[in-house]
Amino acid sequence: MLIGIDLDDVLAETFFAFDQFHNSTYGTSFTKEDHFTFDLSKFWNVSQEEAKRRVREFNASKYSLEIKPLLGAKEALLELSKEHEIKVITSRLEEISDKTEKWLEEHYPDHDFEVHYANHYYGIEHQKKSEICQNLGIDILIDDCLEYALECSLEGIKVLLLDNPWNQRGNLPENVTRVSDWNNIVTHIKSISL
C-alpha cells in the first residue's frame, strides 16, 4: 500500500514549537489545547499577511530547529515501512525544503523520504493535498488537518485523521477515520491491508 503522511503534528510536534516561539516572542501563553483551528490567522486573530510574516519568523527562529518527533512515530514508521511505501506530503512551503529535509534526516535516519510540498502555509502558489495524493496514487493519507481530510475524502482517498483539538468540528465522512496515536494508526493500517 502507498501511504501519504503529513509532517507537522503527525511526524513532528510542530504546534508545541510554534507555541513556544509565539509565547516567547509575543507574550502569549498558548498550549496545544488552545488550538481550535488549523488556520493560524484565525487562531492568533491577525491578518493573513501578519500570520504569513509570523510563520516565516518562526521558520527562521531557533524554535523551528528544536521541533521534536511525535511520540511513537519513529517506531511505527519502521514497522509500516516493512510492508508499505511511505511518502511525506506536507503543507510546508518549498522555500524551507532544505531545513525540512535536514530535520527528517536527523530525526528519521532510517528512511529516505520523498517529500511533496503543497505550500499551504500562506504560500502564493499552492497545490491541493488531494491533487498530490491522486498524482502519486496514495491509498491512504495520515493527516491532522480536518480540511485536508475532507478534501481528500471527496476524491475517494482514505484518511486517518490524527486526533487533535483543531480537528473536532462536525461529523466525519465514511472514508475518514479518527485515530488517537501512532499505535492506533499501525493497528488500523494492518487491519485494512490484510
Side-chain angles (χ1 to χ4, degrees), residues 4-71 73 88-104 106-107 115-132 141-154 159-172 176 178-182:
I5 300 180
D6 180 38
L7 180 80
D8 295 307
D9 291 292
V10 176
L11 294 176
E13 286 195 74
T14 308
F15 267 138
F16 179 78
F18 252 128
D19 288 340
Q20 287 184 312
F21 156 77
H22 202 275
N23 294 343
S24 173
T25 308
Y26 295 97
T28 53
S29 57
F30 295 131
T31 65
K32 180 178 178 176
E33 289 70 32
D34 295 322
H35 288 269
F36 62 91
T37 179
F38 196 73
D39 185 334
L40 292 172
S41 63
K42 289 179 182 172
F43 177 68
W44 290 329
N45 196 26
V46 296
S47 69
Q48 291 273 332
E49 279 306 307
E50 177 60 15
K52 181 178 177 179
R53 189 190 69 73
R54 290 183 189 186
V55 167
R56 286 203 163 101
E57 187 180 12
F58 167 77
N59 288 335
S61 77
K62 67 175 185 168
Y63 295 96
S64 70
L65 302 173
E66 297 170 355
I67 299 171
K68 303 290 183 218
L70 202 69
L71 184 65
V88 173
I89 303 171
T90 180
S91 298
R92 286 187 177 196
L93 298 170
E94 199 160 2
E95 69 188 44
I96 61 165
S97 63
D98 288 347
K99 184 181 269 190
T100 298
E101 289 165 33
K102 183 179 176 189
W103 185 91
L104 284 166
E106 179 183 338
H107 294 284
V115 184
H116 299 268
Y117 297 88
N119 291 303
H120 281 204
Y121 278 136
Y122 310 103
I124 296 167
E125 301 263 339
H126 71 272
Q127 187 176 10
K128 289 182 173 184
K129 278 199 175 183
S130 60
E131 290 173 0
I132 295 172
L141 175 69
I142 303 166
D143 210 304
D144 66 309
C145 177
L146 179 62
E147 288 76 12
Y148 301 150
L150 297 176
E151 167 197 310
C152 288
S153 76
L154 288 173
V159 181
L160 297 181
L161 182 65
L162 190 57
D163 195 36
N164 275 298
W166 51 86
N167 63 28
Q168 298 300 311
R169 301 177 319 275
N171 296 321
L172 298 177
V176 177
R178 189 175 295 280
V179 288
S180 57
D181 57 26
W182 271 100

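Here the structure is a predicted model, which is why all the values come from computation and not from measurement.
With contacts defined as side-chain heavy-atom distances shorter than 4.5 Å, the pair Leu11/Trp182 qualifies. Residues Leu93 and Asn119 are in side-chain contact: their nearest non-hydrogen atoms beyond the backbone lie under 4.5 Å apart. Inter-residue side-chain proximity for Phe21 and Tyr26 is flagged as met; some heavy-atom pair is nearer than 4.5 Å. Looking at Thr28 and Trp44, their side chains never come closer than 4.5 Å, going by heavy atoms from C-beta outward. Using a 4.5 Å cut-off on side-chain heavy atoms (C-beta onward), Leu40 and Phe18 make contact. Side-chain contact check for Leu146 versus Val176: every heavy-atom pair is 4.5 Å or farther apart. Counting heavy atoms from C-beta on, the side chains of Leu154 and Leu150 never come closer than 4.5 Å. Contact of the His35 side chain with the Asp19 side chain is registered, since non-hydrogen atoms from C-beta on lie closer than 4.5 Å.
Between Phe30 and His22, the ring planes are tilted. Angles from 30° to 60° get that label.
Rounded to the nearest 0.5 Å, atoms CG (Leu141) and CD1 (Ile5) are 9.0 Å apart. Rounded to the nearest 0.5 Å, atoms CD (Glu66) and CD (Gln20) are 7.0 Å apart. To the nearest 0.5 Å, atom CD of residue Glu49 and atom CZ of residue Arg54 are 13.0 Å apart. Between the NE2 atom of His116 and the CZ atom of Arg92 there is a distance of 15.5 Å, given to the nearest 0.5 Å. We find the CG-CD distance between Leu71 and Glu13 to be 7.5 Å, quoted to the nearest 0.5 Å.
Across all their heavy atoms, Ile67 and Phe58 have their closest contact at CD1-CZ, 4.0 Å. Looking at every heavy atom in both residues, Ser47 comes nearest to Ser41 through O-CB, 3.9 Å. Considering all non-hydrogen atoms of both residues, Asn164 and Asp9 come closest at ND2-O, 4.1 Å. When all heavy atoms of Ser64 and Asn59 are compared, the pair lying nearest together is OG-O, 3.1 Å. Heavy-atom minimum distance, Asn23 versus Ser29: OD1-N, 3.2 Å. Smallest separation of non-hydrogen atoms from Ala118 and Lys129: CB-CG, 4.4 Å.
Looking only at atom types and distance, the side chain of Asp39 has no donor-acceptor partner in the side chain of Trp166 under 3.5 Å away. The closest side-chain donor-acceptor pair between Tyr148 and Ser91 falls under 3.5 angstrom. A donor atom on one side chain and an acceptor atom on the other are found under 3.5 Å apart for Asp163 and Gln168.
Side chain of Glu151 to backbone of Ser130: a donor-acceptor contact under 3.5 angstrom is found. Side chain of Asn167 to backbone of Asp144: a donor-acceptor contact under 3.5 angstrom is found.
Counted within 6.0 Å of NZ on Lys128, heavy atoms from surrounding residues, nucleotides or ligands total 12 or fewer; the atom is thus considered open. Crowding of Phe43 atom CZ: a count of heavy atoms from other residues, nucleotides or ligands under 6.0 Å exceeding 12.
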Run Thr90 and Val115 through side-chain contact (heavy atoms from CB on, under 4.5 Å) and show every step you take.
CA-CA 7 Å; Thr90 180; Val115 184; 4.0 Å; yes
CA sep, side-chain torsions, deciding dist, call: Leu70, Leu162, side-chain contact (heavy atoms from CB on, under 4.5 Å)
CA-CA 11 Å; Leu70 202 69; Leu162 190 57; 3.5 Å; yes
Leu104 and Leu7: side-chain contact (heavy atoms from CB on, under 4.5 Å), yes or no, with the steps?
CA-CA 9 Å; Leu104 284 166; Leu7 180 80; 3.5 Å; yes
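Ion pair Glu50/Arg53 flagged as a salt bridge, since at least one NZ, NE, NH1 or NH2 atom sits closer than 4.0 Å to an Asp/Glu carboxylate oxygen. Taking 4.0 Å as the cut-off between side-chain N and carboxylate O, Glu95 and Arg56 count as a salt-bridged pair.
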